[in-house]
2 protein chains.
Amino acid sequence: MIKKVIDVKNPGKTAEKILAAARMVFAEKGYSGAHVDEIAVRAGVNKATLYYQIGDKDTLYANVIHQVLGNTAQNIAASVAKVDHPEEKLKAYIKYIADAVDTNPEWTPIMMREMAADGAHLPRVVIEDIVAVLTILIGILDEGIKKRIFIEVPPFLIHMMIVGTILFYKKAVPIKDRQSWLPAEIKVHDRNLKSNLGEEVAKLVLKAIKR
Amino acid sequence: MIKKVIDVKNPGKTAEKILAAARMVFAEKGYSGAHVDEIAVRAGVNKATLYYQIGDKDTLYANVIHQVLGNTAQNIAASVAKVDHPEEKLKAYIKYIADAVDTNPEWTPIMMREMAADGAHLPRVVIEDIVAVLTILIGILDEGIKKRIFIEVPPFLIHMMIVGTILFYKKAVPIKDRQSWLPAEIKVHDRNLKSNLGEEVAKLVLKAIKR
DNA sequence: TCATAATATTTAAACGTATAGTTAAACCGA
DNA sequence: TCGGTTTAACTATACGTTTAAATATTATGA
């Protein structure tokens, strides 16, 4: 009975299952902490299948990185282009990044570990993507400065401020919340900004750079 | 000839040499990327010495973490107490953190990786230290709000903004500088804020939260 | 439509190296 | 000589990678 069926229905493409599992495991454990065996198990395939479909661990990681970090620039550009005023553009920029981090939770740990490792594994294409994002920001800031809306600020620092704040906050909150013994002072602040982190950060950054 | 002498003179305490080497290697490679053998080699001792002096890899890492991240609060408190106005206090707070990161380069990668791993290895004592630091910030902000110098802001977010900005910037600059192919637009900005990053960040944060 | 050949994909098992951790003996200053 | 300290050699296992056989899928020809 029960022909065999069970789980899979249409398999959803083996390679994709592997990539998805790899994304999770690399995000949780980092490159050296992630074991090929575990990725294979979580993907529900044999280890050799993984090698057949994708290749060795390095290749696998490069794929994950590209999948997670790549192709952000186009989306940001589109998001920013929808509005006109520099102030609105910057809001869109920040909001987009905050939302992307929400949608793509693996982003944060992978990025943090890459930075910790001095970007040792970052493929060129990802760096190009980051540069493209930065270029958008520079455009916004330049326009704002020209129109005398913004003061002059170092764009690279502003970018790091935006990204650093969002990523650190996102990762730090769960750690904080896990501490049951915290003094009330700490707990009492910071109520409900989980959902609108992007807006809160945008508010602060805008206030910081507006003339 | 050459009796054997060479380096050591008084050994500088074996355990300390090991800790120093471990700090470097863990910072460079992360927990699973760091190998006990390499730590022993860099410390110039045999692996068994390391086990005799300190213990297994976990113990070693816990020691490093505590050594690197612990005992910051007292210093910050002292630094902040030296000035009076909340604005000056906040400046001192930020400046202290920026300077500490400069003095202690291992701080950044270790902290980033710990956050990426959801603080899995963070010993209680380190979290207590971070809480103590946060408490100082809350004090500064509360005073500033009471004196109507600052607007109301979520302190935890502000802390993450300060730390996130500083750490991300510090780690991102070398990665950026390594890219020889960058478009001039990117390179041209951000001149000389290497040394006074703390001040620059303080300026931005203060502008963001001042009434 | 079916049988069979060719190809693509998956799998269990094995291999070799790297690595965390152990141990017993040598070393060395008091 | 005695105790703390260091050493090289060793063990067991974990892990990335490969192999060859099994199975599934597609193509071909009557």
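Quick note on labels: first sequence line is chain A, next is B, and so on, each numbered from 1. Side-chain atoms are counted along with the backbone in the values below, which use heavy atoms only and exclude waters and symmetry mates. A quick note: this is a predicted structure, and the numbers were derived from the prediction, not measured.
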Across the strands shown, which category fits A:Ala34 at heavy-atom distances under 4.0 angstrom: base, sugar-phosphate, nothing?
sugar-phosphate

Check whether any side-chain N or O of B:His35 sits under 4.0 Å from OP1 or OP2 of C:dA20, and answer yes or no.
yes

Under 4.0 Å between a side-chain N/O of A:Thr49 and OP1 or OP2 of C:dT9, yes or no?
no

5'-most contact on DNA chain D (nearest-nucleotide basis), A:Ser32 vs A:Ala48, goes to A:Ser32

Under 4.5 Å between any side-chain heavy atoms of [X] and [Y], yes or no?
{"X": "B:Thr14", "Y": "B:Leu50", "value": "no"}
{"X": "A:Leu141", "Y": "A:Ile209", "value": "yes"}
{"X": "A:Leu197", "Y": "A:Asp102", "value": "no"}

Consider only side-chain N and O atoms of B:Asn75 and B:Tyr96, and report whether a donor and an acceptor are under 3.5 Å apart.
yes

Pair A:Thr49, A:Asn46: side-chain N/O donor-acceptor within cut-off below 3.5 Å
no

Picking from [options], which would you name as closest to the side chain of [X]?
{"X": "B:Asp37", "options": "D:dT6, C:dA20, C:dA12", "answer": "C:dA20"}
{"X": "A:Thr14", "options": "C:dT10, C:dA20, C:dA12", "answer": "C:dT10"}
{"X": "B:Val45", "options": "C:dA20, C:dA12, D:dT7", "answer": "D:dT7"}

Selection residues 29-43 of chain A - residue pairs positive for side chain to side chain donor-acceptor pair (under 3.5 Å), sequence neighbours left out
A:Glu28-A:Arg42, A:Lys29-A:Glu38, A:Tyr31-A:Asp58, A:Asp37-A:Lys47, A:Glu38-A:Arg42

Rounded to the nearest angstrom, tell me the gap between atom [atom1] in [X] and atom [atom2] in [N].
{"X": "A:Asn46", "N": "C:dT10", "atom1": "CG", "atom2": "P", "result": "10 Å"}
{"X": "B:Ile18", "N": "D:dT6", "atom1": "CD1", "atom2": "C1'", "result": "11 Å"}
{"X": "B:Leu60", "N": "C:dG21", "atom1": "CG", "atom2": "C1'", "result": "13 Å"}
{"X": "B:Asp58", "N": "C:dG21", "atom1": "CG", "atom2": "C1'", "result": "12 Å"}

Residues touching DNA chain D, which here means a heavy atom under 4.0 Å, drawn from residues 50-57 of chain A:
A:Tyr51, A:Asp56, A:Lys57

Heavy-atom donor-acceptor pair, A:Lys47 side-chain to D:dT17 base, under 3.5 Å
yes

Please evaluate residues A:Lys82 and A:Glu88 with respect to the criterion salt bridge (Lys or Arg N to Asp or Glu O under 4.0 Å), reporting the C-alpha separation (whole Å), side-chain torsions for both, the decisive distance (0.1 Å), and the verdict.
CA-CA 9 Å; A:Lys82 281 201 216 117; A:Glu88 291 306 313; over 6 Å; no

